[in-house]
Each structure stands twice: as structure tokens, then as C-alpha cells.
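Notes follow the structure.
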Amino acid sequence: MFYMQVLQFTDKGIYCPAGDFYIDPWQPVERAVITHAHSDHARYGNKHYLCHHDSVPLLQLRLGQDISVQGVAFGENIRYNGVTISLHPAGHIIGSAQVRVQQENEVWVVSGDYKVENDGISGQFEPVPCNTFITECTFGLPIYNWQPQGVIFSNIRQWIQDNQAAGKNSVLLGYSLGKAQRLLHNLRGVTEQIWAHGAIYITHQLLRENGWDLPEIHRITPDTPASVYKNNLIIGPPSAADSSWMRRFNPYALGVCSGWMQVRGHMRRRNADAGFALSDHADWTGLLQAVKATGAEKVYTTHGFSSAFARYLTENGIPAQEVKTEFGDMDEEAGMPETITNDQQDPS
């Protein structure tokens, strides 16, 4: 079967020759279509950015107010040189989108990062029918199967209550854009007050100013008295682990929220008291569900366990090929060191 090469993989990123634009380029280009505001997908230096409306303030926060950026709605068609582009919900974080690219009768979809479970704030992933699907594979092994988030948040709430009974403060670590908002949205009211690291507070306040229904939180500063933390929840970024910033919360229990917590040993290596396998990426089942729902005749797999996932798809009748990209190296989950035994890697 003939496949029109609508998109190409280049040293600057995923490129559409006919439309002369790139999707999530990792080097500066003239026109960049951005799936979401994480720094491995939205980088500084592009002349013009196109993204979903909800990503605009996040890009401006991270890249500067002076960038040239256009926001569009989901499903809105934009045409570049006869090529039609539209954005569709990815469910990864606020503003995250898949990019649909149509040239003549050929449709390609770039997933960016995504998850299929609706977390209540990032939107519901929307399968987009296409000829060719480019999918992430951050957790593309069958050992990664998430519990429903309702179960996970019930476990987190119980952990916080147990810490309170033991006279310990509860510190949760989650990425400042995406994971932190998901935690805050779903844990509102769990303690009388919620305190947060400055990186999380700034992003949180920006989203509240742009109309997002997120709970009120308090910013931790060098002058914040230790007494205010007692029996309350504290949220910080992963970089805060093992830092001097943590000492002010003593006595505390540390919980890490990441898909990597699914694998034995990661909680111990992070010196955490608890690990919650809460991920903003699709698990093995979600990846397969998404690929099949697109009806794609060809799949390209990127960042993560892309080789294993491509092999599994090909062996099960969906032609797939691994592609090397620069995605994932700045995401707190994709960047986690992974140790998997040989028997765990085999998805057959």
C-alpha cells in the first residue's frame, strides 16, 4: 500500500514539507505547532507558535510574554499551503493536544503525550481516525497498568490521614505543570490548608487567573513558620527530593507520585515513604486502546519503550516502526532512570 509521507523525521523535529511547519521541534524553526507546554515539547527560539488556547498562557510563562503565539480551539481547522491542521484532546495536562495533519486524502496524527483516563481537569483523550499515528511509549511495557485514579486518590487520602495520626506532615512530589494540578484538583479539602513550592504556586495561580477551578493554596517562602505545616499537605516538584528545602517540614512522610512507582525498587531509590503510580501518560492498555481506536495502518513509536511497543504492534498485525526523537528528556516521568529485567521487557 502506498503511504504519502505527510510528515518527516528530521534533525530539527517532525516536519511537514508541504505545509512547511514542524511539530514540537527541538531546534528553532520558523513555524512550530506545539502539542503541550512541557519543556521537551515546547522549546524557546521558534519564530511563531501554534497551540491550543489553554496552552497559550503556559507557553508565555515558560518561554516569555513576547513570543509570537496563536491559540486555537479543539477541532478548529488551520491551513498552511494546502495542508489542514487541527488539534484534538490528548488528556495529558491542561491544554495538551494531538495534532491532526491532512494532505489531500492522507491523514497523520501526532499524539504528543497522552493518557486515556479522564483525570477531571486535563480533558478526555479523543481518538482521531488516521492513516498514520505517531505515538509516545513512555510506559510501553505490559507491567505498566494503572489502577483507576479514584483508587489511587483514596489511597493518598488514607496515607495523609495516617501521617496526621502519627504526627507527621505529608509531602507529595509531582511535576509543577500537570501532576501538581491533578493532585490539587483531586485532593481539595484533604487538609485544612495546602502549601506548595514556588514553582508549583506560580503555575497554579496563573491557571486560576485564567479561569481554572483549582483550590486555593499557599506559597512556601523562607519566612513561612514551621507551625503552619502541621497536619497539612505540602506539594513540591521532584527536584525538591533530598534537598535542604525538605528539612523545614520535619517530621514528615514523603510520597512520590509517578508511573515509575509501579516498579519495585523505585520508591526505595527515591528515599520515599510511599509511592503512588499516578501517571499523566497512558499505560500499556491505554496505548493499545489508543492505537487501535485510530484505525491507523501504520504506527511510528517514539520516546519510551518504543522498540518493544513497535515490535508488539507489528507482531499483532499493525505495521510499526521505532523513531528516535528528543522528547522525554525533560519530562519528570520520561526522564526517570529505569531498571527493568529481561522478562519484564518482553511484551509478548
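- Judged by distance alone, with hydrogens and angles left aside, the side-chain atoms of Q27 form a donor-acceptor pair with the main-chain N or O of D11 at under 3.5 Å.
- Not one N or O on the side chain of S306 forms a donor-acceptor pair closer than 3.5 Å with the backbone of T302.
- Between V109 and T294 there is no side-chain heavy-atom pair separated by less than 4.5 Å.
- In the model, D24 has a side-chain atom that pairs as donor or acceptor with a side-chain atom of T35 under 3.5 Å.
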Query raised in the report: When you look at K179 and D119, which way does the salt bridge (charged side-chain N to carboxylate O under 4.0 Å, His left out) test go after all the steps?
Result: CA-CA 10 Å; K179 188 69 59 64; D119 64 16; over 6 Å; no
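- Residues H303 and D113 bring a donor and an acceptor atom of their side chains to less than 3.5 Å of each other.
- The side-chain heavy atoms of L183 and L278, taken from C-beta on, include a pair separated by under 4.5 Å.
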Query raised in the report: Step by step, would you call V107 with V101 a side chain to side chain contact (heavy atoms under 4.5 Å, CB included)?
Result: CA-CA 6 Å; V107 176; V101 182; over 6 Å; no
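- Ring geometry for Y144 versus F305: interplanar angle under 30°, hence parallel rather than tilted (30 to 60°).
- Under a 3.5 Å cut-off, the side chain of S154 and the backbone N or O of G150 do not form any donor-acceptor pair.
- Enclosure of atom CG in N105 is not indicated, since only 12 or fewer non-hydrogen atoms of other residues, nucleotides or ligands lie within 6.0 angstrom.
- For the residue pair L287 and C137, the shortest heavy atom distance occurs at CD1-CA, 4.2 Å.
- With no hydrogens or angles considered, no side-chain donor-acceptor pair links Q98 and R100 at under 3.5 Å.
- In this structure, the side chains of L177 and L61 stay at 4.5 Å or more apart for every pair of heavy atoms.
- Both the sub-6.0 Å distance and the 45° axial angle are not jointly satisfied by K12 relative to the ring of Y15.
- Looking only at distances, a side-chain donor or acceptor of N250 sits under 3.5 Å from a matching main-chain atom of R247.
- Hydrophobic clustering keeps I23 apart from I34 (ILVMFWY residues linked when any side-chain heavy atoms are closer than 4.5 Å, directly or through intermediates).
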Requested in this report: For side chain to side chain contact (heavy atoms under 4.5 Å, CB included), just list the numbers for N210 and L206, CA-CA rounded to whole Å, side-chain angles, deciding distance to a tenth of an Å, and then say yes or no.
Outcome: CA-CA 6 Å; N210 280 273; L206 174 71; 3.6 Å; yes
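- Relative to the ring axis of Y22, R31 does not place its NZ or CZ within 45° and under 6.0 Å from the centre.
- Judged purely by distance below 3.5 Å, without hydrogens or angles, the side chains of H53 and S55 never pair a donor atom with an acceptor atom.
- Aromatic ring pairs are classed by plane angle as parallel below 30°, tilted from 30° to 60° and perpendicular above 60°; the pair H41 and H36 is tilted.
- Taking every heavy atom of both residues into account, E104 and Q102 meet most closely at O-NE2, 3.0 Å.
- Between I67 atom CD1 and R62 atom CZ the span is 12.0 Å, to the nearest 0.5 Å.
- Counting only residues at least two apart or on different chains, no salt bridge (charged side-chain N to carboxylate O under 4.0 Å, His left out) pair has a member in residues 149-176.
- Of all the heavy atoms in I235 and W245, the pair that sits closest is O-CH2, 4.2 Å.
- Remark: side-chain polar atoms of Q124 are paired, donor with acceptor, to backbone N or O of V116 under 3.5 angstrom.
- Annotation: F153 is not in aromatic contact with W159 [ring centroid separation under 6.0 Å not met].
- Counting all heavy atoms, side chain and backbone alike, P237 lies closest to I200 at N-CD1, 3.7 Å.
- Centroid-to-centroid, the aromatic rings of F276 and W146 stay 6.0 Å apart or farther.
- Separating the CG atom in D273 from the CG atom in N163 is a distance of 7.5 Å, to the nearest 0.5 Å.
- Looking at heavy atoms from C-beta onward, S111 lies in side-chain contact with T135 at the 4.5 angstrom threshold.
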Query raised in the report: Given the rule in the side-chain hydrogen bond (donor to acceptor under 3.5 Å, both in side chains) test, do R182 and Q149 qualify, once you have shown the distances and angles that lead to the verdict?
Result: CA-CA 10 Å; R182 187 178 180 187; Q149 81 160 20; 3.0 Å; yes
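- In this structure, T84 contributes its side chain and R79 its backbone to no donor-acceptor pair below 3.5 Å.
- For the pair K298 (side chain) and T132 (backbone), a donor-acceptor distance under 3.5 Å is absent.
- D283 places a side-chain N or O within 3.5 Å of a backbone atom of G286 that can act as its donor or acceptor partner.
- Without hydrogens or angle criteria, Q181 side chain to G178 main chain gives a donor-acceptor distance under 3.5 Å.
- Aromatic rings from Y114 and H281 are positioned such that their centres are separated by 6.0 Å or more.
- Taking the six-membered ring where the residue is Trp, the centroids of Y175 and H38 are separated by under 6.0 Å.
- The two residues A293 and P127 come nearest to each other via the heavy atoms CB-CB, 3.5 Å.
- Follow the hydrophobic side-chain contacts under 4.5 Å out from V33 and you never reach V29; the two are in separate clusters.
- The nearest pair of heavy atoms linking W212 to I121 is CZ3-O, 3.5 Å.
- A heavy-atom distance below 4.5 Å is not found between the side chains of V69 and H48.
- In this structure, W26 is a member of the same hydrophobic cluster as V323, with clusters built from ILVMFWY side-chain heavy atoms closer than 4.5 Å.
- Taking hydrophobic clusters as Ile, Leu, Val, Met, Phe, Trp and Tyr residues chained together by side-chain heavy-atom distances below 4.5 Å, F21 shares a cluster with Y300.
- Side-chain contact check for Q8 and T10: no donor-acceptor pair (N or O, by modelled atom type) lies under 3.5 Å.
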Per-pair distances, 0.1 Å, donor-acceptor, side chain in residues 190-197, under 3.5 Å, sequence neighbours excluded:
from	atom 1	to	atom 2	distance (Å)
T191	OG1	Q193	O	2.6
T191	OG1	L233	N	3.2
Q193	OE1	W195	NE1	3.1
H197	ND1	A199	N	3.0

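- To the nearest 0.5 angstrom, N46 atom CG is 12.0 Å from L50 atom CG.
- The only option from L254, V256, L187 that meets the side-chain contact (heavy atoms from CB on, under 4.5 Å) definition with L172 turns out to be L187.
- Both Y229 and L173 are assigned to one and the same hydrophobic cluster, defined by single-linkage of ILVMFWY side chains at heavy-atom distances under 4.5 Å.
- Checked against salt bridge (Lys or Arg N to Asp or Glu O under 4.0 Å), E322 has the following partners two or more places apart in sequence or in another chain: K324.
- Side-chain rings of F133 and W108 stay apart, their centers remaining 6.0 Å or farther from each other.
- Looking at heavy atoms from C-beta onward, Y252 lies out of side-chain contact with S170 at the 4.5 angstrom threshold.
- Side-chain N or O atoms of Q161 include none that pairs as donor or acceptor with a backbone N or O of Q158 at under 3.5 Å.
- The closest side-chain heavy-atom distance from F125 to N118 is not below 4.5 Å.
- One finds the OG1 atom of T325 at 10.0 Å from the CD1 atom of I134 (value rounded to the nearest 0.5 Å).
- Counting heavy atoms from C-beta on, the side chains of R208 and E216 come closer than 4.5 Å.
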**Report entry** Check against side chain to side chain contact (heavy atoms under 4.5 Å, CB included), D20 and E30
**Finding:** CA-CA 9 Å; D20 192 23; E30 183 79 12; 5.8 Å; no
